[in-house]
Asker: 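First the structure, which I've put down as structure tokens, then a few questions once you've had a look.
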There are 2 protein chains.
Amino acid sequence: MAKVELSQRQKRILRFVEDFSRKKGYLPSIREIGAAVGISSTSVVDYNLRILERERHIQRDPKVSRGIKLLGSHPRGRSRLDLGLVAVPLLGRIAAGQPIPVPEDSPAEETIELTRNLLKDVDGIYALEVKGNSMVDALVNDGDIVVMKHQDTAENGEMVAVWLKDRQETTLKKIYHEGRRVRLQPANPLLKPIFAPAENVEVQGKVIMVVRRLGK
Amino acid sequence: MAKVELSQRQKRILRFVEDFSRKKGYLPSIREIGAAVGISSTSVVDYNLRILERERHIQRDPKVSRGIKLLGSHPRGRSRLDLGLVAVPLLGRIAAGQPIPVPEDSPAEETIELTRNLLKDVDGIYALEVKGNSMVDALVNDGDIVVMKHQDTAENGEMVAVWLKDRQETTLKKIYHEGRRVRLQPANPLLKPIFAPAENVEVQGKVIMVVRRLGK
DNA sequence: ATTATACCAGAACTTGTGTTCTATGTCAAG
DNA sequence: CTTGACATAGAACACAAGTTCTGGTATAAT
């Protein structure tokens, strides 16, 4: 019960509330949320807000109109003075046949700028450009940019970059610890997971975002 | 009438509203303001709020509970145009079984902010959230956000959303005109293209970006 | 089949909250 | 002294908005 995946609808609600708050300066009512995400019933919005509150994404003040407090992304709220821009260093390439670079390694000569509202976490993140199409299993293609956070452990369900020692390759998968083995689940739901003994996998970082630019 | 000195009471109200907003995350009601600054009558609070609004310290949304917006130090701020920020309207969902919405249809109640350096083109773009995993062929998964530009023709090699009339479904593919037929090539290089007569495909827009947020 | 759970819709209900009306008091200008 | 703008209090009111109840659908487990 500690960690539950939010439904699409709940994510949508959360994003709408954040957006509404930023744009209007105050918070939406239940009915406004309903109208925005296509829910006709106030009770359903309430139901989903309860879940969001249980999962610590928001905090609600009972009996108070528009009494929602956002916890996740902008606890300080109104400070539009910081522009919400984050310069993420683009450290290099990632390819199947080699371990990924770590933040300390190289100075960032290139950065990509992202807005803070796309990122929840800003510390210690960096970006890599994917080289080759060895990661289509992870729905990541040649030229895509993955934004990573460096860490060497991972919680269940996180999308991580792992180095498989025996195969000498890097792969992006959702990770699940299952006793002394590890299940690596491709993001593509049509593909089967692979299993590996825990000693064989080395977590190199967590994937927090994927950006693909198309068109020329 | 340009610059009027605020009364002690009005300054007090303003400070309280700022404080309340910072601390609680939402805005105070008229009665809460009254209680805090020692006014027993709601009309008096209203009266003073009118003045504060006239003097451009706050902005009120009529009929909306707690609908106060603080304008304080950054009345207009800088527009996001000169910041390289672009607010892209998030118009709705896209799923295999239905045509995609067009920009005119619905008012944008949500936006996502992107930096201009990620986008080359800013006119007429909008975003859609992908529903379901019917587009994994295009390396696009449930929950991903695709940024589109509306257009009904496409050049060779562009990644477009097309409506297949016979199948009654939307799909994302790279398009190639080949005489009177069209080749639709999945982004995933492992998959084979499909071919369709030109009359059967209806270009709905060009995909210019895909954003996937992971984690929590 | 039966139960339980997660999710949703609609409507009724209750309370929260902004608006407005009347009254009172002050004070400076005519 | 009267008038009028400013400032206030109190109460009645109407609508906004949260809560709750009843019922429905799926799905999985028993």
Side-chain angles (χ1 to χ4, degrees), chain A residues 1-14 16-17 20-21 24-55 57-70 157 189, chain B residues 1-14 16-17 20-21 24-55 57-70 92-93 95 97 109 131-133 142-143:
Chain A
M1 113 170 24
K3 177 80 168 239
V4 177
E5 192 65 28
L6 292 181
S7 77
Q8 213 53 38
R9 192 170 247 188
Q10 283 146 19
K11 286 186 206 164
R12 191 129 183 256
I13 289 177
L14 194 54
F16 170 71
V17 173
F20 188 101
S21 165
K24 307 267 276 185
Y26 50 86
L27 291 130
S29 70
I30 283 190
R31 282 168 181 82
E32 282 167 338
I33 295 173
V37 302
I39 298 175
S40 67
S41 170
T42 56
S43 61
V44 178
V45 178
D46 180 64
Y47 170 76
N48 284 290
L49 287 178
R50 275 175 207 280
I51 294 173
L52 285 172
E53 180 166 33
R54 172 160 51 80
E55 300 303 320
H57 289 91
I58 61 172
Q59 194 174 316
R60 292 212 292 167
D61 230 330
K63 296 289 185 181
V64 172
S65 304
R66 301 168 185 269
I68 294 176
K69 184 196 289 195
L70 288 164
Chain B
M1 89 169 52
K3 178 72 175 228
V4 177
E5 194 62 31
L6 293 180
S7 77
Q8 213 54 37
R9 190 168 250 187
Q10 283 146 20
K11 285 185 204 165
R12 185 122 183 262
I13 289 176
L14 197 52
F16 170 72
V17 172
F20 187 100
S21 166
K24 307 267 276 183
Y26 49 87
L27 291 132
S29 72
I30 283 190
R31 282 168 181 81
E32 282 167 339
I33 295 173
V37 301
I39 299 174
S40 68
S41 170
T42 57
S43 62
V44 178
V45 178
D46 180 64
Y47 170 76
N48 284 289
L49 287 179
R50 273 175 208 281
I51 296 173
L52 285 172
E53 181 166 31
R54 173 161 49 81
E55 300 304 321
H57 289 92
I58 62 172
Q59 192 174 317
R60 292 213 290 167
D61 227 329
K63 295 289 185 181
V64 172
S65 305
R66 299 168 186 267
I68 295 177
K69 186 194 288 195
L70 288 164
R93 322 278 194 87
E109 73 276 347
K131 187 69 191 155
N133 52 26
D142 187 59

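To find a chain, count down the sequence lines: A is the first, B the second, and so on, and within it residues start at 1. None of the values given here were measured: they were computed from a predicted structure.
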Asker: Grab the two heavy atoms, one from B:F16 and one from B:P28, that are nearest each other, plus how far apart they are.
Answerer: CE2-CB, 3.9 Å
Asker: I need the CD-C1' distance between A:Q10 and C:dC8, as an integer number of Å.
Answerer: 12 Å
Asker: About how many Å separate CZ of A:R31 and CD1 of A:I33, when rounded to the nearest 0.5 Å?
Answerer: 11.5 Å
Asker: Would you find a donor on one side and an acceptor on the other, under 3.5 Å apart, between the side chain of B:R66 and the backbone of B:L27?
Answerer: yes
Asker: Pick the nucleotide of DNA chain D nearest each of B:S65 and B:S40; which residue has the one closer to the 5' end?
Answerer: B:S40
Asker: Look at A:R66 and C:dT17 and indicate whether a side-chain polar atom (N or O) is within less than 4.0 Å of OP1 or OP2.
Answerer: no
Asker: Using heavy atoms and a sub-4.0 Å distance, could you list which residues of residues 29-39 of chain B are near DNA chain C? By number, please.
Answerer: B:S29, B:I30, B:R31
Asker: Taking A:E32 for its side chain and A:S29 for its backbone only, find out whether a donor-acceptor pair lies under 3.5 Å.
Answerer: yes
Asker: Given atom CD1 of B:I68 and atom P of C:dG16, what is their separation to the nearest angstrom?
Answerer: 18 Å
Asker: Using every non-hydrogen atom in the two residues, find where B:I68 and A:Y26 come nearest and quote the distance to one decimal.
Answerer: O-CD2, 3.9 Å
Asker: If you take any heavy atom closer than 4.0 Å to DNA chain D, which residues from residues 44-53 of chain A end up in contact?
Answerer: A:D46, A:R50
Asker: Starting the side chain at C-beta, find the nucleotide from C:dT19, C:dT17, C:dC21 nearest to B:R60.
Answerer: C:dT19
Asker: Determine yes or no for a side-chain-to-main-chain donor-acceptor pair under 3.5 angstrom, with A:N48 supplying the side chain and A:V44 the backbone.
Answerer: yes
Asker: With heavy-atom distances below 4.5 Å as the criterion, would you say the side chains of A:R54 and A:I51 are in contact?
Answerer: yes
Asker: With the threshold set at 4.0 Å, does a side-chain nitrogen-carboxylate oxygen contact exist between B:K24 and A:D61?
Answerer: yes
Asker: Can you pull the contact range of chain B along DNA chain D, 5' to 3', using atoms under 4.0 angstrom from its heavy atoms?
Answerer: D:dC6 to D:dA17
Asker: Restricting to non-hydrogen atoms, name the atom on A:G34 and the atom on A:V45 that form the minimum distance, rounded to 0.1 Å.
Answerer: CA-CG2, 3.6 Å
Asker: How close do A:D46 and A:R60 get, counting heavy atoms only, and between which atoms?
Answerer: OD1-NH2, 2.7 Å
Asker: Distance from B:R9 atom CZ to B:R12 atom CZ, nearest 0.5 Å?
Answerer: 9.0 Å
Asker: In this structure, how many angstroms lie between the P atom of C:dG18 and the OH atom of A:Y26, rounded?
Answerer: 12 Å
